[in-house]
Protein chains: 2
Amino acid sequence: MEKVVKTAGDLEARYDCLRLENQLCFPLYACAKEVVRHYKPFLDALDLTYTQYITMMVLWEKKEMNVKEIGKNLFLDSGTLTPLLKKLESKGYIKRHRSKEDERNLIISITPEGEALKDEALNVPSEMSKCICLGREKTDQLYGLLYELLEEFDKAK
Amino acid sequence: MEKVVKTAGDLEARYDCLRLENQLCFPLYACAKEVVRHYKPFLDALDLTYTQYITMMVLWEKKEMNVKEIGKNLFLDSGTLTPLLKKLESKGYIKRHRSKEDERNLIISITPEGEALKDEALNVPSEMSKCICLGREKTDQLYGLLYELLEEFDKAK
DNA sequence: TACTATTATATTGTATGCAATCCTTTTTAA
DNA sequence: TTAAAAAGGATTGCATACAATATAATAGTA
């Protein structure tokens, strides 16, 4: 015979999937915020925000890029990057100028001041790794899983 | 004899720690944003943003909380929560009123409309898990590592 | 070659996030 | 029992994020 009357437990179970502790997204969201927050004191010393910091990071590797390329690297769009790049320019770390071959492209190039900042930033990663005391193995594991997830998202596009 | 003159390779190596691909934080930051972005279509149907959604989530579990408690659960402060809670109130999902025992506390309580929303939200987690196709085992692993990291941060406080 | 589609960036509007500060109420302590 | 400290929220200021739209330049095409 079928059970028709649901107990309180049955009703609760239906909603288990909506419990905060059963979400994968939430610890991801919370961790990301916490890590960025922990960067702040070190980045304050460089007069950079976290987003500005990772933008400088891609420019330290490749001295000239257009906005689109930077956006692809950082998963950011022009709505975020345009004002941010103007700010970095006002700080003297980058230059913005239109490409002569294709006027649509805004070329972002790093200045000597921007290059110099790289040396001041050298201690940031080591300071941060002191905050993320997860151990080498787990850190690597986490890193791998996150990039797998990112690739899944890329594939779905 | 000591090597004094540094090769280009040596110089590069010093800066390896500043490469975007060598950061743990970056995939964390990017994943979190991507996941939240994938929630959008499902949450749009409920007229909720992601932050509003997780706020409703804690209120679905515990019908009455003050702002401080909600903030502790979500890693958010009053600067974020105050306007967000006013918006949820204007949508009719919650009520805001001061505690009579301690006027400092603002009690947030869920309304019948807020409760009803829970049923409409039931399909969101399953739809989202279709997007996060990482496999059960890796998902669990990722979940575990993220909470470990969150606890590290909590300890450091 | 005009006309259309596409591409790259900029702008606008809405919603966070968080540090710093302020205001009120409550608690603590001298 | 008051003055000082602490606690809970609200406000302000700054910096993202991102969707949607606008604009200008280039590419593609009938």
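Residue numbers begin at 1 in each chain, while the letters A, B, ... track the order of the sequences. The figures that follow rest on heavy atoms only: side chains count, while hydrogens, waters and symmetry mates do not. Just so it is clear, the structure is predicted and the values come from calculations on it, not from any experiment.
- Between dT14(C) and Thr49(B), no contact under 4.0 Å exists linking OP1 or OP2 to a side-chain N or O.
- Comparing dT26(C), dG17(C), dT16(D) against the side chain of Glu103(B) picks out dT26(C) as the nearest.
- The distance from atom CG of Leu48(B) to atom P of dT14(C) is 18 Å, rounded to the nearest whole Å.
- OP1 or OP2 of dT11(C) lies within a sub-4.0 Å distance of a side-chain N or O belonging to Lys86(A).
- Distance CG (Asp44(A)) to C1' (dC18(C)): 12 Å, rounded to an integer number of Å.
- In terms of phosphate contacts, Lys40(B) brings no side-chain nitrogen or oxygen within less than 4.0 Å of OP1 or OP2 of dA19(D).
- At a cut-off of 3.5 angstrom, the base of dT7(C) holds at least one donor-acceptor pair with the side chain of Arg104(A).
- As rounded to whole Å, 18 Å separates atom P of dA25(D) from atom NE2 of His97(A).
- Checking the phosphate oxygens (OP1, OP2) of dT16(C), no side-chain nitrogen or oxygen of Tyr29(A) falls inside 4.0 Å.
- At distances below 3.5 Å, not a single donor-acceptor pair connects side-chain atoms of Glu152(A) with backbone N or O atoms of Leu149(A).
- Annotation: of the two residues near DNA chain C, Lys68(A) and Lys33(A), the 5′-most nearest-nucleotide partner is Lys68(A).
- Contact annotation: Arg98(A) side-chain N/O to dA10(C) OP1/OP2 distance is under 4.0 Å.
- With rounding to whole Å, Leu76(A) atom CG is found 15 Å from dT9(C) atom C1'.
- Rounded to whole Å, atom P of dT16(D) lies 10 Å from atom CG of Leu81(A).
- No more than 12 heavy atoms of other residues, nucleotides or ligands shown are found within 6.0 angstrom of NZ on Lys95(B).
- Tested against Asp102(A), the residues Arg98(A), Lys100(A), Arg104(A) include a single salt bridge (charged side-chain N to carboxylate O under 4.0 Å, His left out) partner, Arg104(A).
- Between Thr80(B) and dG17(C) there is no side-chain N or O to OP1 or OP2 distance below 4.0 Å.
- At whole-Å resolution of the value, OH in Tyr50(A) and P in dC18(C) are 14 Å apart.
- Here the side chain of Arg37(B) is nearest to one of dG9(D), dA10(C), dA19(D), namely dA19(D).
- Checking dG9(D), dT9(C), dA15(D) against every side-chain atom of Leu106(A), the shortest atom distance belongs to dT9(C).
- Close to dA17(D), at under 4.0 Å from its OP1 or OP2, lies a side-chain N or O of Thr51(A).
- Within the nucleic acid shown, Asp102(B) comes within 4.0 Å of sugar-phosphate atoms alone, with no base atom in reach, counting heavy atoms only.
- Within the 4.0 Å cut-off from OP1 or OP2 of dT9(C), not a single side-chain nitrogen or oxygen of Ser78(A) is found.
- No engagement by Glu69(B) is indicated, since no non-hydrogen atom pair under 4.0 Å with the nucleic acid exists.
- For Tyr50(A) and Tyr29(B), the distance between ring centers is under 6.0 angstrom.
- Shown here is Lys118(B), whose NZ atom has more than 12 heavy atoms of other residues, nucleotides or ligands within 6.0 Å.
- A salt bridge links Glu127(B) to Lys130(B): one of the charged nitrogens lies within less than 4.0 Å of a carboxylate oxygen.
- In terms of position along DNA chain C, the nucleotide closest to Pro83(B) lies nearer the 5' end than the nucleotide closest to the other residue of the pair Pro83(B) and Asp77(B).
- One interatomic measurement links the two molecules: NZ of Lys72(A) to C1' of dC18(D), which rounds to 18 Å at whole-angstrom precision.
- In this structure, Asn105(B) does not reach the dA7(D) phosphate: none of its side-chain N or O atoms is under 4.0 Å from OP1 or OP2.
- In this structure, CD1 of Ile108(A) is placed 10 Å from C1' of dT9(C), rounded to the nearest angstrom.
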